[in-house]
There are 2 protein chains.
Amino acid sequence: MDAVNRRKSQRRATARDVARRVGVHASTVSRVLNPATRDVISDEIARRVTRAAAALGYRLDPFASGLRTHRSRMVGVLVPDIANPVYTTMVGSIQEVARKHGLRLMLHATGADPEDELEMVRDLKHRFVDGLILASLHLTDAHANELRRAAAPVVLIGRPPKGTPTDTVRAYSRKGAAEAVRHLHAAARRRIGFVNGPQHTAPGSARRLGYLDGLRTCGLPRDETLLEVAEDFMIEPGRRAAERLLARVRPRPDALLCANDLLAVGALSALRDAGLDVPADVALVGMDNTPLAEVTWPRLTSVDLGSAERARLAAELLLKRIEHPARRPRVVGADPRLVVRESCGAAA
Amino acid sequence: MDAVNRRKSQRRATARDVARRVGVHASTVSRVLNPATRDVISDEIARRVTRAAAALGYRLDPFASGLRTHRSRMVGVLVPDIANPVYTTMVGSIQEVARKHGLRLMLHATGADPEDELEMVRDLKHRFVDGLILASLHLTDAHANELRRAAAPVVLIGRPPKGTPTDTVRAYSRKGAAEAVRHLHAAARRRIGFVNGPQHTAPGSARRLGYLDGLRTCGLPRDETLLEVAEDFMIEPGRRAAERLLARVRPRPDALLCANDLLAVGALSALRDAGLDVPADVALVGMDNTPLAEVTWPRLTSVDLGSAERARLAAELLLKRIEHPARRPRVVGADPRLVVRESCGAAA
DNA sequence: TTGTAAGCGTTATCAC
DNA sequence: GTGATAACGCTTACAA
């Protein structure tokens, strides 16, 4: 590197530096480098500008650019818990779409804290994202209010209060849970227990209803003692809930539906500790069909709620919304699909 | 909301708006809201400014602020693969530290593509992060070069070329792998196989050396046929590698060390398909001690390489580096620790 | 097709 | 302790 270049590299090259080198004005540089206006410029100048920019290692200053355009080419992603594979899947899926469009991800795990979620929505513009994907277990009126005055487009993954005028991606988990129950019934299970997560959450309430739907359509009696609620949608709470259920219910259940795969993994371990065989004694079904379902033994039958697909849809909705801020809000979803594995084979 | 407020809310409130309301100058507003200069201002004015700002819903414009200060209060996090629980853990751990300091995360999964990693380093300032944590499987001279001219501080998680003047967090996985072999030897295993990931990567080469170290210190013969390389550090490649190993090696191994937990999960399934019992026929040990190790059956003995701890250290190094750009680069690490679970109990 | 010039909203540096 | 002013680097009417 010679002395001149060294001096130049003390500070980042600006559009002016590039312009000076080519003998044009900075605005011309801007026009060349901006795809929308590039074709306005003569090929000859464009080429020289491009070359000079490369030679100087010129990079657009995102702060200055953003100050003018109020765009950052970043999207925010809020998930309750990055350790839950269902959200990991979603983040991966969103990144895939975002990347194709030259957008980057700002990730934030909220720990399912509604206050944290709200603050992020308020903070939207503050942290300069062009849009936000918010996956939440529990969308309240407070969310809906905050969304109304949001500084950038938001897409929800979850179940917002009725009438929230925001693009939304739904999971039809009620339907999925019902299907799982019917599958267990078809496999000759008659005492089907349910390990749910917190019931004030959207998934908790929907999956509970689905479980009850399933019992009803199979003509099985509703038995409240067969339903147990874990403190959280996680492994250890799932284990403890299953333990409580097993300690309490007589005759013991011959099947357990769990409201997600993490709960099912916990339940599996409780069943094992109780000396019960899966599936011979107790069939087991999870929900979300995360990669975990392939890893347990026996492998876990699980209701696929299309998380990857839903995340992709959310990202695409967001991109469309960023382009057309005024278009009517859409609600889309992905159909559930039962993926049968060894954990609910034939009864002993 | 009355007409005046409604009109105001057409556009975001600026520092000027707040200033006008209080009857001071915009620079005063800036001074009040900036912690570093707040104590310069009289309490009375400060209070009124704070109140007015709240009333108007004033938020600092990050673009304008960044244009002046060149700080965004965001850190970039680059990981090879967000689906690998070891990186999920790291991201969670980094977020914890970042959050305490009011920083947000920009996440990018590179798919272990070196070109993608390099581009992100170049793009550092472009995407306005104040610093970057780069976890890479394979840091090359190209990385070192790019880092030399990086526009913001970088902390590496991995093994850079000798003499790279960059803060680095190391895993002592060579030592960890050796310990695992010694543990298996102590458990009376004498045919210890090794399922490695790609050997041109830093973990691949270190863990291979550790495996060989372990054999040597146990006085076990080095037998190349006991070593098999998977195409990637993932479950399916692990399964296939274990299948190849089992098909080839006679007498069959009585233990398998796998270079990470994902490979071990794949190997477990291959062992099962071969009708072999774990641990009675073959003991199994993974590395990284991810949450997966608790989920398999039997649960997986695994070498804890302190991923959460290392990520925390990386975040802290980065924060210190951002404050003191000139301080000497540090190299830190976390000691490995074998976590024994059912997958390597006594031989049959 | 290109140059000119006016800002975007903040903050550093002077003044007072 | 507070005000005035300029500048950060870019974009975009508008002028030429």
Side-chain angles (χ1 to χ4, degrees), chain A residues 8-50 52-53 56-73 125-128 130 151-152, chain B residues 8-50 52-53 56-73 125-128 130 151-152:
Chain A
K8 291 255 190 219
S9 75
Q10 296 292 322
R11 57 171 185 71
R12 297 159 44 81
T14 72
R16 252 191 166 92
D17 298 327
V18 178
R20 192 159 20 228
R21 199 172 217 247
V22 179
V24 294
H25 193 268
S27 60
T28 302
V29 173
S30 170
R31 283 189 271 248
V32 171
L33 269 16
N34 187 324
T37 47
R38 159 155 223 169
D39 40 352
V40 150
I41 301 292
S42 73
D43 281 0
E44 170 57 14
I45 297 272
R47 205 166 346 182
R48 284 167 55 202
V49 166
T50 313
L56 293 176
Y58 170 72
R59 306 237 132 185
L60 182 60
D61 184 317
F63 296 107
S65 169
L67 181 54
R68 290 294 314 215
T69 62
H70 282 282
R71 299 211 34 185
S72 62
R73 308 199 62 72
K125 208 64 179 191
H126 195 56
R127 296 292 175 167
F128 41 58
D130 291 344
Chain B
K8 292 254 189 220
S9 76
Q10 296 292 323
R11 56 172 184 73
R12 299 160 43 83
T14 72
R16 253 189 163 95
D17 298 327
V18 178
R20 192 157 24 226
R21 202 172 214 248
V22 179
V24 295
H25 195 269
S27 58
T28 302
V29 173
S30 172
R31 284 189 271 248
V32 170
L33 270 16
N34 188 324
T37 47
R38 159 156 225 168
D39 40 350
V40 152
I41 302 291
S42 73
D43 281 0
E44 169 58 13
I45 296 272
R47 205 165 343 168
R48 285 166 57 199
V49 165
T50 313
L56 292 175
Y58 169 72
R59 306 237 131 185
L60 182 61
D61 183 316
F63 295 107
S65 173
L67 181 54
R68 287 296 311 204
T69 63
H70 282 280
R71 300 215 27 188
S72 62
R73 309 199 59 74
K125 207 64 179 193
H126 196 55
R127 297 293 175 168
F128 41 58
D130 292 344

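The structure presented is a predicted model; accordingly, all values stated were derived computationally and were not measured. Lettering of chains follows the sequences in order, A, B, ..., and the numbering in each one begins at 1.
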For the pair made of CZ in B:Arg20 and P in D:dG3, what is the distance, rounded to whole Å?
14 Å

Grab the CG-P distance between A:Asp17 and D:dC8 for me, whole Å please.
11 Å

Would you classify B:Ser27 as touching base, sugar-phosphate or nothing, given that sugar-phosphate means primed atoms plus P, OP1 and OP2, and contacts are heavy atoms under 4.0 Å?
base

Which label fits B:Phe128 and A:Phe128: parallel for a plane angle under 30°, tilted from 30 to 60°, or perpendicular past 60°?
tilted

Would you kindly give the CZ-to-C1' distance between B:Arg38 and D:dT2, to the nearest whole Å?
16 Å

Spacing of B:His25 atom NE2 relative to D:dG1 atom P, expressed in whole Å:
19 Å

Checking side-chain contact (heavy atoms from CB on, under 4.5 Å) for the pair B:Leu33/B:Leu60: CA distance, chi angles, key distance, verdict?
CA-CA 9 Å; B:Leu33 270 16; B:Leu60 182 61; over 6 Å; no

Quick one, A:Asp61 with B:His70, criterion side-chain contact (heavy atoms from CB on, under 4.5 Å). Give me CA distance, side-chain angles, the key distance, then yes/no.
CA-CA 10 Å; A:Asp61 184 317; B:His70 282 280; 3.3 Å; yes

Please work out if B:Val24 contacts a base, only the sugar-phosphate, or nothing of the nucleic acid, heavy-atom cut-off 4.0 Å.
sugar-phosphate

Does OP1 or OP2 of D:dG9 have a side-chain N or O of A:Ser30 closer than 4.0 Å?
no

Among B:Val24, B:Asp17, B:Val22, which residue meets the side chain to side chain contact (heavy atoms under 4.5 Å, CB included) test with B:Val29?
B:Val24

Are any side-chain N or O atoms of B:Thr50 and backbone N or O atoms of B:Ala46, one a donor and one an acceptor, separated by less than 3.5 Å?
yes

Interatomic distance where CG belongs to B:Leu33 and C1' belongs to C:dT10 [whole Å]:
12 Å

Figure out the OH/P separation between B:Tyr58 and C:dG9, and round it to whole Å.
10 Å

Tell me the interatomic distance from B:Ile41, atom CD1, to C:dT11, atom P, rounded to whole angstroms.
13 Å

Considering just the side-chain nitrogens and oxygens of A:Ser65, establish if one lies under 4.0 Å of OP1 or OP2 belonging to D:dT11.
yes

Are OP1 or OP2 of D:dC10 and a side-chain N or O of A:Thr69 less than 4.0 angstrom apart?
no

From CG of B:Asp61 over to P of C:dC8, roughly how many Å is that when rounded to an integer?
12 Å

Contacts of B:Arg31 and B:Arg68 projected onto DNA chain D by closest heavy atom; the upstream (5') one is B:Arg31

